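These figures come from a predicted structure and were not determined experimentally.
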Amino acid sequence: MQNKRTYLKRLLAIYVAFFAVLIGWLALEVAPDFSQGIREGTQLGNELDAEWAQNTPKAIYEFWEIPVKENGSATIETTDSMRRVEAHPASIMLKVSEPLGDRSTWWVAFASTGGSPWVYLFSLLSLVTYIAIIVLMWLIIRSVRRSIREEQPLAKINVWRLRAIALLAIATDLIARTANWLAARNAAKMLVGSDYQVNTAFDVGFETLVVGLLILFAAEVLAIGRDLGEEQRLTI
């Protein structure tokens, strides 16, 4: 294989960039959110324990970044008396506490985020699909490196892995948006009669759809290139 060393260097650069982005994502986004989730969960558990100790069991829900429609503005005081600053909230965070009623403790545990166990399950499923995408990308990079070193054709399974990544990317975005939509609908019910009007429209992410289609296109180009190379080798 010609330019074998060049190919390996390019792939090594992609390999390093992949893990650098992965580590950065874990350190800057996942870790802080995970730590905050632990703190919030611990505080929520302590509050529930205190309510149960007083024989007044309650259900407590937390809603994160609930989108709200335009409902006026609030003037913010600043150090500059000549400057006027108005805030137009686009999203709010809620914490709701109500009597437990006939709900089970398991229901309360899984419904503590978004007011419904379905929100928790969709959020968990979104995390699983993220992990699946990372694993598939790592398998593709490792397979391509092996093919270059051993001067073998690209494995056909990489085409299916790319197709799976594209579909998982689209599914991950849809699952996450579904969880947010369910949480917004639950929050809207709890804010009936308040000054806030929740935006319960389903937010469609065209960016992820475009990325997924581009990955599918790359997979098909890889499949065509591999088939043409195989036909040429058999012809020779």
*Looking only at atom types and distance, does a side-chain atom of Asn186 sit under 3.5 Å from a main-chain N or O of Leu182, one as donor and one as acceptor?*
yes
*Common cluster, Leu162/Trp138, ILVMFWY with side-chain heavy-atom separation under 4.5 Å*: yes
*asked:* Using a 3.5 Å distance criterion without hydrogens, assess whether the side chain of Asn199 forms a donor-acceptor pair with backbone atoms of Pro67.
replied: no
*asked:* Treating Trp181 as the side-chain partner and Thr200 as the backbone partner, does any N or O pair qualify as donor plus acceptor under 3.5 Å?
replied: yes
*Got a sec, which residues hit side chain to side chain donor-acceptor pair (under 3.5 Å) with Ser91, two or more places apart in sequence or on another chain?*
none
*For Leu168, does its backbone N or O pair with a side-chain atom of Thr172 as donor and acceptor, under 3.5 Å?*
yes
_Residues that Arg163 engages under side chain to side chain donor-acceptor pair (under 3.5 Å), provided they are two or more places apart_ = Glu220
*asked:* Regarding Arg161 and Asn158, do their side chains bring together a donor and an acceptor under 3.5 Å, going by distance alone?
replied: yes
*Residue list, ring-ring contact (aromatic ring centres under 6.0 Å, His included) with Phe110, at least two apart or on another chain*: Tyr120
*Parallel, tilted or perpendicular, as decided by the 30° and 60° cut-offs, for the rings of Tyr61 and Phe63*: perpendicular
*Would Met137 and Ile215 show up in the same hydrophobic cluster when neighbours are defined by side-chain heavy atoms closer than 4.5 Å?*
yes
*Which ILVMFWY residues are connected to Val210, directly or by a chain of links, through side-chain heavy atoms under 4.5 Å apart?*
Leu214
*Using the test side chain to side chain contact (heavy atoms under 4.5 Å, CB included), find all partners of Val135 that sit at least two apart in sequence or belong to another chain.*
Ile131, Leu139
*Under the side chain to side chain contact (heavy atoms under 4.5 Å, CB included) test, which residues partner Leu125, sequence neighbours left out?*
Ile175
